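Take a look at the structure below.
All figures in this text were calculated on a predicted structure; none of them were measured in a lab. A note on names: the letters A, B, ... follow the listed sequences, proteins ahead of strands, and every chain is numbered from 1.
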2 protein chains.
Amino acid sequence: MCELLGMSANVPTDICFSFSGLLERGGNTGPHKDGWGITFYEGKGCRTFKDPEPSCQSEIAKLVKAYPIKSVSVISHIRQGNRGRTCLENTHPFTRELWGREITYAHNGQLSNYKDLTTEFYKPVGNTDSELAFCWILDKIREKYPKRPKNMATVFRYVAKLAKTLMDKGVFNMLLTDGVFVLAYCSNNLHWITRRAPFGKATLIDADMVVDFQKETTPDDVVTVIATRPLTNDEQWTKMEPGEYVLFKLGEKI
Amino acid sequence: MCELLGMSANVPTDICFSFSGLLERGGNTGPHKDGWGITFYEGKGCRTFKDPEPSCQSEIAKLVKAYPIKSVSVISHIRQGNRGRTCLENTHPFTRELWGREITYAHNGQLSNYKDLTTEFYKPVGNTDSELAFCWILDKIREKYPKRPKNMATVFRYVAKLAKTLMDKGVFNMLLTDGVFVLAYCSNNLHWITRRAPFGKATLIDADMVVDFQKETTPDDVVTVIATRPLTNDEQWTKMEPGEYVLFKLGEKI
């Protein structure tokens, strides 16, 4: 299994604090040693840092932890491989272009009988069930919406329907974003929290680290964090139900 | 204008030395301050580091310079923007998936009347002439080769023909790779050098740095470096002619 981390915010926000907690689970406080990745959106562009090395040892992860890249939409993943060997092409998140937009996705879980997911347009580069499922989702979106619809929320609701089909094949916790919306789909394990004024302090579970969000934010900031398991032990995270999805737009649940 | 850097090698090789020279041109010894990027292939996967910040100041560039990522195919670019503003989505290299392979591209030059380059399948995310030309090339390949041909060299020769068409619209120096082949297309300014045993020393033009390749290599290593302008002042670089292309496979010109 793997762990997911996502962020949706109404102002460019760094994710150093949450990412620091996640990283420890990549071979230190957790067994997810088969690589890690993180994608940041800045405008319509995005950039991904990834490494097939365990995140707790990765030089690149250290940079990402220390260097505050500010973004309104982030997806991250640490991997404990099941389907597909440990290598760069099997490392999440995956990004593909659709209608001139970068779509990014990461998956936690495992699928069975997934070989019947055929794709025409998008082909996986690696050999994970996860990337194949992503290509299948994109193919389906493209089939239903040959042009980018004005109301992108409808596309994400359609993706949630597709995710339900994939969940019938196994475990399918997923994060998917176009840089504006972040979709969280829960198969069996996903939590989220929205932080807004009045901000308080929070303590990481996996590292000896406390942050006072009041010092880091302005009163109008709204920042949602989504994670497989709660990252802090002194805040109230919402546990999602199997088959439930939540769609966030710039920090707010819609 | 911008500067290009590419590498093709028969064993995974780091590009720290050449990249160190290029970086200096990104706002220090050269005017290319509108961002930079570099893509490394490892197996079928690739990873890109990019930043709209000048490379000579970039924290991420410092990491790439110091942390030896070994690869057989690398493409890098520093940008002095002309078409399209300075932002992440306009930062080279660009990568898209085709037939389940990652194709990466960077362009140096400027096109006119490029709005007639229409694409069906691949759509640009940013608004540069460069990314549009890349999408157009990929669309054309896909049209001619709906499935991946066994002989990939024929595809690269077709790309060189397409590049000729683009050169008719302005200046079009280009590097394009699938991780195995690296194509260098010269419109007006591109140089390359192949290093093999017996290896010697080389001195960077743009930084106070000398490398003794004999200490860094084994006798069977073959490493080609392609750059807009020679990066060293004590080696013999081959200057390419306008309209000329060279195709490299794992270090060797083919």
If every non-hydrogen atom of [X] is compared with every non-hydrogen atom of [Y], which pair is closest and at what distance?
| X | Y | value |
| --- | --- | --- |
| Arg142(B) | Glu120(A) | NH2-O, 3.8 Å |
| Leu88(A) | Glu42(B) | CD2-OE2, 3.5 Å |
| Leu63(A) | Glu59(B) | CD1-O, 3.9 Å |

What residue, out of [options], has the most heavy-atom pairs lying under 4.5 Å from chain B?
| options | result |
| --- | --- |
| Lys62(A), Glu131(A), Arg96(A), Arg101(A) | Arg96(A) |
| Ile60(A), Leu98(A), Val64(A), Thr95(A) | Ile60(A) |
| Cys46(A), Gly126(A), Cys135(A), Cys87(A) | Cys46(A) |
| Gly37(A), Gly43(A), Gly100(A) | Gly100(A) |

**Message:** For Lys249(A), I'd like to know if atom NZ has over 12 heavy atoms of other residues, nucleotides or ligands within 6.0 Å.
**Reply:**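 It does not: Lys249(A) NZ has 12 such atoms or fewer within range.
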Checklist line | Other residues, nucleotides, ligands: >12 heavy atoms within 6.0 Å of Asp116(A) CG | finding: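 It does: Asp116(A) CG has more than 12 such atoms within range.
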Chain B contact via Tyr122(A) - which portion, at a heavy-atom distance below 4.5 Å: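 Contact with chain B involves both backbone and side-chain atoms of Tyr122(A).
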- Would you mind checking which part of Asp51(A) comes under 4.5 Å of any heavy atom in chain B, side chain (CB onward), backbone (N, CA, C, O), both or neither?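 Both backbone and side chain of Asp51(A) come within 4.5 Å of chain B.
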At a heavy-atom distance under 4.5 Å, which candidate from Trp99(B), Phe121(B), Tyr41(B) has the highest pair count against chain A?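 Maximum pair count with chain A is reached by Phe121(B).
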Take the angle between the ring planes of Phe49(B) and Phe49(A) and call it parallel below 30°, perpendicular above 60°, tilted in between.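 Answer is perpendicular, since the angle exceeds 60°.
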| task | Go through Arg47(B) and Thr91(A) one step at a time and tell me if the side chain to side chain contact (heavy atoms under 4.5 Å, CB included) criterion holds. | result | CA-CA 10 Å; Arg47(B) 48 180 158 179; Thr91(A) 306; over 6 Å; no
Give a yes or no on whether the backbone of Lys123(A) and the side-chain of Glu97(B) come within a donor-acceptor separation of less than 3.5 Å.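 Flag set: sc Glu97(B) to bb Lys123(A) pair under 3.5 Å.
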